[in-house]
Amino acid sequence: MPNPLKYNKNFEKISYEEKQLLGEAKKSIADFVEYSSTISDVNYATRNAHAKTYAVLKGEFIINKDIPEDLKYVFDSEKYEIIARLSNAHLKINKSKKDIPAYGFSIKIKDESGRTISNYPLVNFPLFPINSVSVFLKLFISLNRFFLKKWSNWFLILKQIYKIIPSTMNPSFMKNVWKFVLNKNNFILSFDYHSVGAYRFDDKMIKIKISPRNVHKNFGKRSKVKQSIENYCIANDYLADVFIQLCYDLKDQPINKLNVEWKNSPFIKIGEIKIEKNSLLNPKGCENELLSFNPFESAEIFQPVGKIQKLRDEAYKVSLQTRKKINKLLKYK
């Protein structure tokens with residue numbers, strides 16, 4: 001294999017117009033979170049994405065002893081403590097209807113002193129249909145405003161969705177949509193989870209995938225998602241392999257083209273996640289609801305790469321700051 005490409009800040013440059021839209025998006029996030037308790041009919045302020053928490057778990061990230069030496073130096077320990085949050089991608093907490101099976105598996109990796117080394121918000125669909133920063137921001141603003149009962153935003157939402165359609169009409173995206181449809185009723189812990197965008201791995205750039213071991217796709221078929229997770233984690237350990245792909249060539253492994261899979265970059269196993277049975281934490285506890293999985297709170301050598309990724313930094317900060325302010329005023333427990 002050729003040498004991996006090195007990280008460059010130019011991958012994250014956005015235009016003046018995009019910066020202006022980002023400011024508008026931040027305002028829409030703050031407004032959404034401020035009214036989120038009413039939107040979701042709960043007694044606390046929620047996140048403005050992945051609002052619904054199914055479970056919070058503690059476990060370990062164990063480094064693969066056979067990892068190549070040119071990657072192994074990044075880790076200074078054989079294993080790390082992790083906190084994981086399982087969630088649903090919807091902006092609103094759905095209490096009555098069946099959830100759309102768009103799941104999140106966010107992982108916080110800590111050192112032996114309890115300090116966060118890295119945060120990885122992973123999802124069960126490997127691609128993202130939007131490559132344009134401005135289209136993404138306009139759609140995001142419209143969705144936030146829609147949930148604030150500003151019904152006039154229907155037209156703006158449809159307009160941005162229309163712009164997205166062409167980027168979904170490629171073999172890679174359509175293949176993964178079909179795979180998702182076939183597996184939509186599978187148990188949440190049986191899915192692979194992916195970093196949609198790229199991350200730094202020191203001076204290299206990677207994508208991440210976790211693949212569970214021996215988790216039956218039909219577990220808890222007749223139970224609600226939250227209950228099926230609890231039932232599984234009370235009786236079983238959860239084990240998953242952690243893989244990375246390295247970026248060697250922007251043609252085959254594009255950083256800012258999120259609607260296609262990386263090719264010609266083999267998956268390298270760097271470790272495994274182990275969550276022992278009975279490792280459930282209280283998802284409604286204030287300290288867990290206020291957990292932040294902002295990947296830009298990671299050590300610099302593990303931070304996200306790319307334009308769409310860069311937007312998440314400001315979005316996470318605004319969402320967390322607003323949630324903290326409101327939930328402390330509500331004395332949420």
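Looking at Lys79 and Glu60, a side-chain N of the basic residue comes within less than 4.0 Å of a carboxylate O on the acidic one, giving a salt bridge. Salt bridge Arg115/Glu297: absent, no basic N to carboxylate O contact under 4.0 Å. Look at Lys58 and Glu276 and you find no salt bridge, because none of the NZ, NE, NH1 or NH2 atoms lies under 4.0 Å from a carboxylate O. The residues Lys6 and Asp203 are annotated as salt-bridged, a charged nitrogen and a carboxylate oxygen being separated by less than 4.0 angstrom. A salt bridge is absent between Lys108 and Glu81: the closest approach of a Lys/Arg side-chain nitrogen to an acidic carboxylate oxygen does not fall below 4.0 angstrom. Salt-bridge annotation for Glu18 and Lys307: absent, with no side-chain N of the basic residue lying under 4.0 Å from a carboxylate O of the acidic one.
Taking the six-membered ring for Trp and the full ring otherwise, Phe75 and Phe201 have centroids separated by under 6.0 Å. Ring centroids of Phe187 and Tyr232 are separated by less than 6.0 Å, placing the two rings close together. Between Tyr193 and Tyr120, the gap from one ring centroid to the other reaches at least 6.0 Å.
In this structure, Arg200 fails the cation-pi test against Phe302, since its NZ or CZ atom is not both closer than 6.0 Å to the six-membered ring centre and inside 45 degrees of the ring normal. Note that Lys209 lies in the cation-pi zone of Phe243, set by a 6.0 Å cut-off to the ring centre and a 45° limit from the axis.
Pairing each heavy atom of Val196 with each of Leu258, the nearest pair is O-CD2, 4.0 Å. The shortest non-hydrogen separation linking Leu122 to Ser195 is CD2-N, 3.7 Å. Smallest separation of non-hydrogen atoms from Ile83 and Phe293: O-CE2, 3.7 Å. Nearest heavy-atom pair, Ala25 versus Ser28, reported as atom, atom and distance to 0.1 Å: O-OG, 2.7 Å.
No more than 12 heavy atoms of other residues, nucleotides or ligands lie within 6.0 Å of OH in Tyr16, so this atom counts as exposed by the packing criterion. Atom CG of Asn214 has 12 or fewer heavy atoms from other residues, nucleotides or ligands within 6.0 Å. For Gln20, the CD atom sits in a packed shell: over 12 heavy atoms of surrounding residues, nucleotides or ligands are nearer than 6.0 Å. The 12-atom threshold is exceeded at CZ of Phe128, counting heavy atoms of other residues, nucleotides or ligands nearer than 6.0 Å.
The closest side-chain heavy-atom distance from Phe267 to Ile244 is not below 4.5 Å. Side-chain contact check for Lys163 versus Ile130: every heavy-atom pair is 4.5 Å or farther apart. Contact check for Tyr248 versus Leu5: no side-chain heavy atoms found under the 4.5 Å cut-off.
Taking the side-chain contact (heavy atoms from CB on, under 4.5 Å) definition, one finds that Asn3 meets it with nothing, sequence neighbours left out. In this structure, the salt bridge (Lys or Arg N to Asp or Glu O under 4.0 Å) partners of Lys317, at least two apart in sequence or on a different chain, are Asp313.
The structure places CD of Glu272 at 8.0 Å from CG of Asn64, a figure rounded to the nearest 0.5 Å. Put simply, OG on Ser118 and CG on Asp111 are 10.5 Å apart, with the number rounded to the nearest 0.5 Å. If you take CD1 on Ile29 and CD1 on Ile141, they are separated by 8.5 Å, rounding to the nearest 0.5 Å. With rounding to the nearest 0.5 Å, the separation of CG in Asn131 from CG in Asn256 is 8.0 Å.
Although no hydrogens or angles enter the test, the distance criterion places no donor-acceptor pair under 3.5 Å between the side chain of Ser77 and the main chain of Tyr80. Using a distance-only test at 3.5 Å, with no hydrogens or angles considered, no donor-acceptor pair links the side chain of Glu12 to the main chain of Lys310.
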side-chain contact (heavy atoms from CB on, under 4.5 Å) for Thr168 and Met174? Distances and angles first, verdict last. CA-CA 7 Å; Thr168 66; Met174 294 176 73; over 6 Å; no

Could you walk me through whether Glu24 and Leu137 pass the side-chain contact (heavy atoms from CB on, under 4.5 Å) test, one step at a time? CA-CA 9 Å; Glu24 193 176 342; Leu137 288 172; over 6 Å; no

Gln227 vs Asn231, side-chain hydrogen bond (donor to acceptor under 3.5 Å, both in side chains): CA-CA, chis, key distance, verdict: CA-CA 6 Å; Gln227 188 60 55; Asn231 291 343; 2.9 Å; yes

May I have the step-by-step check of side-chain hydrogen bond (donor to acceptor under 3.5 Å, both in side chains) for Ser298 and Asn119, ending in yes or no? CA-CA 6 Å; Ser298 304; Asn119 288 318; 4.8 Å; no

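Between Phe125 and Phe173, the ring planes lie perpendicular to each other; the angle is over 60°, past the 30° to 60° tilted range.
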